[in-house]
Amino acid sequence: MTEKQLKIRQQAFALTVCTVVFMAVYNLCTWYATSLNDLPSFTFDFEKSIPFIPLSIIPYMASGFFFCLVFFSCKNKHQLKILTWRMLFVTIIAGLFFVTVPLRFSLTKPDVSNSILNLPFSFLQTFDSPFNQSPSLHIAFAFIFWSVFKDLTKWRTFLLIWLILLGISTLTTFQHHVIDLLTGAILAHVSFIIIPYRKNDPKYRSCWLANYYFISGWVFILAALLLDKYFGSQGLVLFVPAWGMMMIGYYYQKNTGVISPFVLTVKQNIHQSEKN
């Protein structure tokens, strides 16, 4: 067996494991949700203004293709291992939330007149469910997909745009609510922190630290929307620190290899203690 054949077999095995776990968790959670009565939904008032766009079913359904493609886009065994653990982590954690805090999609999906576009919607109606909402695995997976796709030399920009459209499509196909997207993003960044790419490599410490700021940004956005929903528009002021956290996270992510001031201070203190 050649090294290339061994890699392909490992990629296929990782894909199979993640697919089996996803199907088991998703279907088990769906079965549990259907056994309950009067499942709640959670929406923000502005979601009533989100349009239903049948054409967005195309990027939405592409998630299944990306689910397969990402395993065969890994450049080495370590990247494949990290990808596999992250995929398993978000799937299992999301499943725990689906069971402990079950939610249902509440908006009525309009009929699709286009016969071609109606096919994938019919597929969703048969095999998908209005349950398993928060956190959105479509969103969590999209972030994890990008953690691999961003290292590609070809099709990188195209894949980024497609993943953004995929995220938007979860709303415009009437499959998810906004809170599902926010919690899905938080879950993805938690997986990046708990399962870092290079735990002991200083080159990646800034990228690892960036996830704390990204999580803070998503939490501030969620808090702003919740405060606006229950206490008034004054809570929207939290969008300011949310923007700040996102910008700091972006800075650290773009400057991979720069040691954070906190880490540098700790190192200096340790070095000083050793000298004393």
Side-chain angles (χ1 to χ4, degrees), residues 22 25-26 29-30 32-34 36-53 56-57 59-60 63 89-110 124 128-146 163-193 211-243 245-246 249:
F22 168 76
V25 170
Y26 192 89
C29 293
T30 299
Y32 174 75
T34 55
L36 303 176
N37 295 322
D38 300 325
L39 279 181
S41 297
F42 189 93
T43 60
F44 297 105
D45 293 337
F46 66 86
E47 292 188 59
K48 298 176 182 178
S49 302
I50 296 177
F52 176 73
I53 305 176
S56 62
I57 190 64
Y60 182 85
S63 180
F89 174 82
V90 299
T91 300
I92 294 172
I93 297 301
L96 293 176
F97 277 94
F98 295 158
V99 172
T100 56
V101 192
L103 294 174
R104 181 187 183 97
F105 187 81
S106 60
L107 300 180
T108 302
K109 189 176 299 184
L124 285 180
D128 206 349
S129 70
F131 313 113
N132 301 342
Q133 291 289 298
S134 180
S136 166
L137 279 175
H138 261 76
I139 298 300
F141 285 160
F143 276 97
I144 295 176
F145 295 160
W146 178 243
L163 287 174
I164 293 173
L165 292 175
L166 189 158
I168 296 172
S169 72
T170 59
L171 297 175
T172 56
T173 54
F174 282 19
Q175 287 293 120
H176 280 283
H177 291 301
V178 170
I179 195 171
D180 309 336
L181 277 66
L182 296 175
T183 51
I186 292 172
L187 177 59
H189 287 293
V190 169
S191 76
F192 297 154
I193 292 174
N211 291 292
Y212 283 98
Y213 290 102
F214 286 135
I215 288 177
S216 300
W218 292 118
V219 170
F220 273 121
I221 292 174
L222 179 57
L225 294 177
L226 289 173
L227 289 174
D228 176 63
K229 178 179 176 68
Y230 292 111
F231 300 104
S233 59
Q234 297 87 344
L236 296 179
V237 70
L238 292 181
F239 277 119
V240 176
W243 180 84
M245 291 296 102
M246 291 294 187

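Atom CE of M245 and atom CG of L238 lie 11.5 Å apart (nearest 0.5 Å). Remark: F44 CZ to L225 CG distance equals 4.5 Å, nearest 0.5 Å. Considering CZ of F42 and CG of D180, their distance stands at 10.0 Å, rounded to 0.5 Å. Note: F192 CZ to Y212 OH = 14.0 Å, rounded to the nearest 0.5 Å. Note: S134 OG to L187 CG = 9.5 Å, rounded to the nearest 0.5 Å. To the nearest 0.5 Å, the span separating CG on L182 from CG on L222 amounts to 5.5 Å.
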Carefully, step by step, assess I168 and I53 under the rule side chain to side chain contact (heavy atoms under 4.5 Å, CB included). CA-CA 10 Å; I168 296 172; I53 305 176; over 6 Å; no

Begin from the C-alpha positions of F52 and T172 and carry the test side chain to side chain contact (heavy atoms under 4.5 Å, CB included) through to its verdict. CA-CA 5 Å; F52 176 73; T172 56; over 6 Å; no

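Using a 4.5 Å heavy-atom threshold, the side chains of F214 and M246 count as touching. The shortest distance between side-chain heavy atoms of F143 and V90 does not fall below 4.5 Å. In this structure the side chain of I193 reaches within 4.5 angstrom of the side chain of I215, judged on heavy atoms. Here the side chains of V190 and I93 are not in contact, with every heavy-atom distance at 4.5 Å or above. Residues F141 and T91 are in side-chain contact: their nearest non-hydrogen atoms beyond the backbone lie under 4.5 Å apart.
Between S169 and S56, the shortest heavy-atom distance links the atoms CB-O, 3.2 Å. G184 approaches I139 most closely through the heavy-atom pair C-CG2, 4.0 Å. Scanning all heavy atoms of the two residues, the minimum distance from F22 to L137 falls at CE1-CD1, 3.8 Å. I144 and S191 get closest at one heavy-atom pair: CD1-OG, 4.1 Å. Across V25 and G95, no two heavy atoms sit closer than the pair CG1-CA, 3.7 Å. Of all heavy-atom pairs spanning H176 and N132, the tightest one is CE1-O, 3.9 Å.
In this structure, K229 contributes its side chain and T43 its backbone to a donor-acceptor pair below 3.5 Å. A donor-acceptor pair under 3.5 Å is absent between the side-chain atoms of D228 and the main chain of L236, judged by distance alone. For the pair Q133 (side chain) and F98 (backbone), a donor-acceptor distance under 3.5 Å is absent. S63 contributes no side-chain N or O that, together with a main-chain N or O of Y60, makes up a donor-acceptor pair within less than 3.5 Å.
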Considering only distance and modelled atom types, tabulate donor-acceptor pairs under 3.5 Å from the side chains of residues 99-108, sequence neighbours left out.
unit_1: T100; atom_1: OG1; unit_2: L96; atom_2: O; d: 2.7
unit_1: S106; atom_1: OG; unit_2: H177; atom_2: NE2; d: 3.2

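Enclosure of atom CZ in F97 is not indicated, since only 12 or fewer non-hydrogen atoms of other residues, nucleotides or ligands lie within 6.0 angstrom.
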